[in-house]
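Below, each value reflects all heavy atoms present in this structure, side chains not excepted, and no hydrogens, waters or symmetry copies.
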Amino acid sequence: MDTRTVLLKKLCEQSAKIAANTVYGGYNLLSIENAKGQVEAYSIAILLAYGKITSPEELELDENMEFLAKVVKEYLKGGFTTGDKRLDDALLFSYQLS
């Protein structure tokens, strides 16, 4: 697996936890806050890996967020799974809305 794929996998795993908490509830607040921090870090790393940003501050630009959503959606279409159907369903649902 190349670096971009590893980063996308990690981003999706953490995003799935956040999405599942939103859809189903019941996750530990500290775990969710930790996952949010990891999602931000992986998002920045992915954008750096694709050469889209040169500093973390550029993450919030609309075109970068759109690019990130596009890349993640493509990765999900490629068959990504967390191994947990509830997490997978919540993640797919969250990206259908974006």
### Query
Applying the 4.5 Å side-chain criterion to the ILVMFWY set and letting contacts propagate, would Leu68 and Val6 be lumped into a single cluster?
no
### Message
Please determine whether residues Leu61 and Met65 belong to a single hydrophobic cluster, defined as Ile, Leu, Val, Met, Phe, Trp and Tyr linked transitively by side-chain heavy-atom distances below 4.5 Å.
### Response
no
#### Entry: Steps toward side chain to side chain contact (heavy atoms under 4.5 Å, CB included) verdict (Thr22, Ser94)
CA-CA 9 Å; Thr22 302; Ser94 72; over 6 Å; no
### Close side-chain approach of Asp89 and Tyr24, heavy atoms under 4.5 Å
yes
### Query
Which value, rounded to the nearest 0.5 Å, describes the distance between Leu48 atom CG and Ile53 atom CD1?
4.0 Å
### Query
Of all residues at least two apart in sequence or in a different chain, which pass the side-chain contact (heavy atoms from CB on, under 4.5 Å) check with Glu40?
Ile44, Leu59
### Counterpart residues, side-chain contact (heavy atoms from CB on, under 4.5 Å), relative to Lys36 (two or more places apart)
Ile18, Ile32, Glu33
### Query
Between Lys9 and Glu13, is any pair of side-chain heavy atoms under 4.5 Å apart?
yes
### Task
With the side chain counted from C-beta on, respond yes when Leu47 and Glu58 share a heavy-atom pair under 4.5 Å apart, and no when they do not.
no
### Task
Verify, without hydrogens or angle tests, whether Arg86 (side chain) and Ala20 (backbone) share a donor-acceptor contact under 3.5 angstrom.
no
### Non-hydrogen side-chain atoms of Leu11 and Ser43 separated by less than 4.5 Å
yes
### Query
Where is the tightest heavy-atom contact between Asn21 and Gly26, given as atom of each residue plus distance?
OD1-N, 3.7 Å
### Query
Between Asp88 (side chain) and Thr82 (backbone), is there a donor-acceptor pair under 3.5 Å?
yes
### Task
Rounded to the nearest 0.5 Å, what's the gap from CG on Asn34 to NZ on Lys17? Could you check?
7.5 Å
### Message
What's the separation between atom CG in Leu92 and atom OG1 in Thr81, rounded to the nearest 0.5 Å?
### Response
8.5 Å
### Message
Looking at every non-hydrogen atom in both residues, tell me the closest pair between Cys12 and Tyr75 and how far apart they are.
### Response
SG-CD2, 3.7 Å
### Task
State which residues pass ring pair (Phe, Tyr, Trp, His ring centres under 6.0 Å) with Tyr42; sequence neighbours excluded, sorted by chain then number.
none
#### Entry: Cation-pi, Phe67 ring and Lys52 (6.0 angstrom, 45 degrees)
yes
